[in-house]
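Counting from 1, the numbers follow the sequence of the chain as shown.
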Amino acid sequence: MKMKYRLAALLLSMASLAGTVSPAWATKFDIDPVHSGIAFYIDHLGFSKVIGVAQEFSGAFEFDATKPEGSSLDVKVAVGSISTNNKQRDGDIQGADWFNATEFPEITFVGKEFKKTSDTTGQIIGDLTIAGVTKSAALDVKFNKEGQNPWDKSHVVGFSATTKVKRSDFGMKAALGMIGDEVELVIQVEGREHQG
């Protein structure tokens with residue numbers, strides 16, 4: 001009988017201790033611009049798709065592989081850095097009919113909801129702001145790898161993501177019918193654990 005009481009007391013004690021253990025916190029990562037990229041594709045007269053890239057962007061995210069739904073994400077893209085490999089076209093898309101870079105120099109995306117769809121895939125739903133207009137957008141995300149960078153021993157995690165948006169939803173309606181409305185985004189992100 002004493003043994004039963006002792007066992008019960010031990011179990012109660014363990015349960016009490018478990019209740020006081022602090023929950024695990026998601027790790028904060030800074031987006032590494034050297035090993036990350038943002039590219040987009042847009043139809044040109046049905047003949048081909050023009051490829052563009054964002055050359056300057058920054059951001060951070062919080063991630064715990066055991067609880068991805070508790071993640072966060074905040075990204076900024078410098079509109080002036082967007083390039084389609086043609087100076088005249090790049091100048092045009094900075095103008096008021098397109099990104100209106102003078103008034104709205106940044107594109108932002110803030111993650112609001114994080115869904116796990118499999119062990120290596122998920123979806124991020126967030127607020128995408130372009131040219132002063134904010135719309136909901138969904139990123140389809142693939143978890144690539146988390147581990148130590150063998151070169152500098154830093155803690156790194158990597159993802160790939162895709163989405164499609166309509167530029168007309170953000171007030172960019174120039175040359176619709178000739179230049180595509182749907183824009184496909186392809187994103188590669190490598191994050192390094194935040195220091196400091």
Working to the nearest 0.5 Å, report the span between [atom1] of [X] and [atom2] of [Y].
X: Ile93; Y: Ile179; atom1: CD1; atom2: CD1; result: 11.0 Å
X: Leu128; Y: Thr108; atom1: CG; atom2: OG1; result: 7.0 Å
X: Phe57; Y: Glu106; atom1: CZ; atom2: CD; result: 14.0 Å
X: His194; Y: Glu62; atom1: NE2; atom2: CD; result: 10.0 Å
X: Asp92; Y: Lys87; atom1: CG; atom2: NZ; result: 14.5 Å
X: Ile31; Y: Phe159; atom1: CD1; atom2: CZ; result: 10.5 Å

Is there a continuous path of hydrophobic side-chain contacts, each under 4.5 Å between heavy atoms, that joins [X] to [Y]?
X: Ile42; Y: Ile51; answer: no
X: Val165; Y: Ile38; answer: yes
X: Ile107; Y: Val50; answer: yes

- Query: Parallel, tilted or perpendicular: which fits the ring planes of Phe63 and Phe29, with parallel below 30° and perpendicular above 60°?
  - Reply: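 Phe63 and Phe29: tilted rings.
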
Side-chain contact test, heavy atoms from C-beta onward, threshold under 4.5 Å: evaluate it for [X] versus [Y] and give yes or no.
X: His44; Y: Met178; answer: no
X: Val79; Y: Val77; answer: no
X: Thr27; Y: Asp64; answer: no
X: Val189; Y: Phe61; answer: yes
X: Tyr41; Y: Val186; answer: yes
X: Phe114; Y: Leu73; answer: yes
X: Thr120; Y: Asn144; answer: no

- Task: Inspect the surroundings of CG in Asp152 and state if more than 12 heavy atoms from other residues, nucleotides or ligands are less than 6.0 Å away.
- Result: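 Yes, because the 6.0 Å sphere around CG of Asp152 holds more than 12 heavy atoms from other groups.
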
- Message: Within the supplied structure, the quantity of interest is the number of heavy atoms (other residues, nucleotides, ligands) at a distance under 6.0 Å from Gln88 CD; does it exceed 12?
- Response: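 No - once you tally the heavy atoms of other residues, nucleotides and ligands closer than 6.0 Å, there are 12 at most.
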
Please tell me whether [X] and [Y] have a donor and an acceptor in their side chains that are separated by less than 3.5 angstrom.
X: Asp90; Y: Thr84; value: yes
X: Gln188; Y: Ser160; value: yes
X: Thr162; Y: Asp140; value: no

For the residue pair [X] and [Y], what are the closest heavy atoms and their distance?
X: Glu184; Y: Lys49; answer: OE1-NZ, 4.0 Å
X: Gln94; Y: Gly80; answer: OE1-CA, 3.5 Å
X: Ala137; Y: Phe109; answer: O-CE1, 4.0 Å
X: Glu193; Y: Gln195; answer: O-NE2, 3.2 Å
X: Glu56; Y: Ser81; answer: N-OG, 2.9 Å
X: Ile125; Y: Ala138; answer: CG1-CB, 4.2 Å

Is a side-chain donor or acceptor of [X] paired with a backbone partner of [Y] at a separation under 3.5 angstrom?
X: Asp181; Y: Arg167; result: yes
X: Thr117; Y: Thr121; result: yes
X: Arg89; Y: Ser83; result: no
X: Ser36; Y: Glu190; result: yes

- Audit row: Lys112, Asp127, side chain to side chain contact (heavy atoms under 4.5 Å, CB included) steps and yes/no: CA-CA 7 Å; Lys112 296 294 184 180; Asp127 291 339; 3.2 Å; yes

- Message: Would you say the rings of Phe170 and Phe99 are close, in the sense that their centroids are separated by under 6.0 Å?
- Response: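 Not under 6.0 Å, so no.
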
- Derivation and outcome, side chain to side chain contact (heavy atoms under 4.5 Å, CB included), residues Phe143 and Asp119: CA-CA 8 Å; Phe143 170 71; Asp119 287 343; over 6 Å; no

- Query: If you measure from the Lys or Arg side-chain nitrogens to the Asp or Glu carboxylate oxygens, is any gap between Asp32 and Arg192 under 4.0 Å?
  - Reply: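 Salt bridge: yes.
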
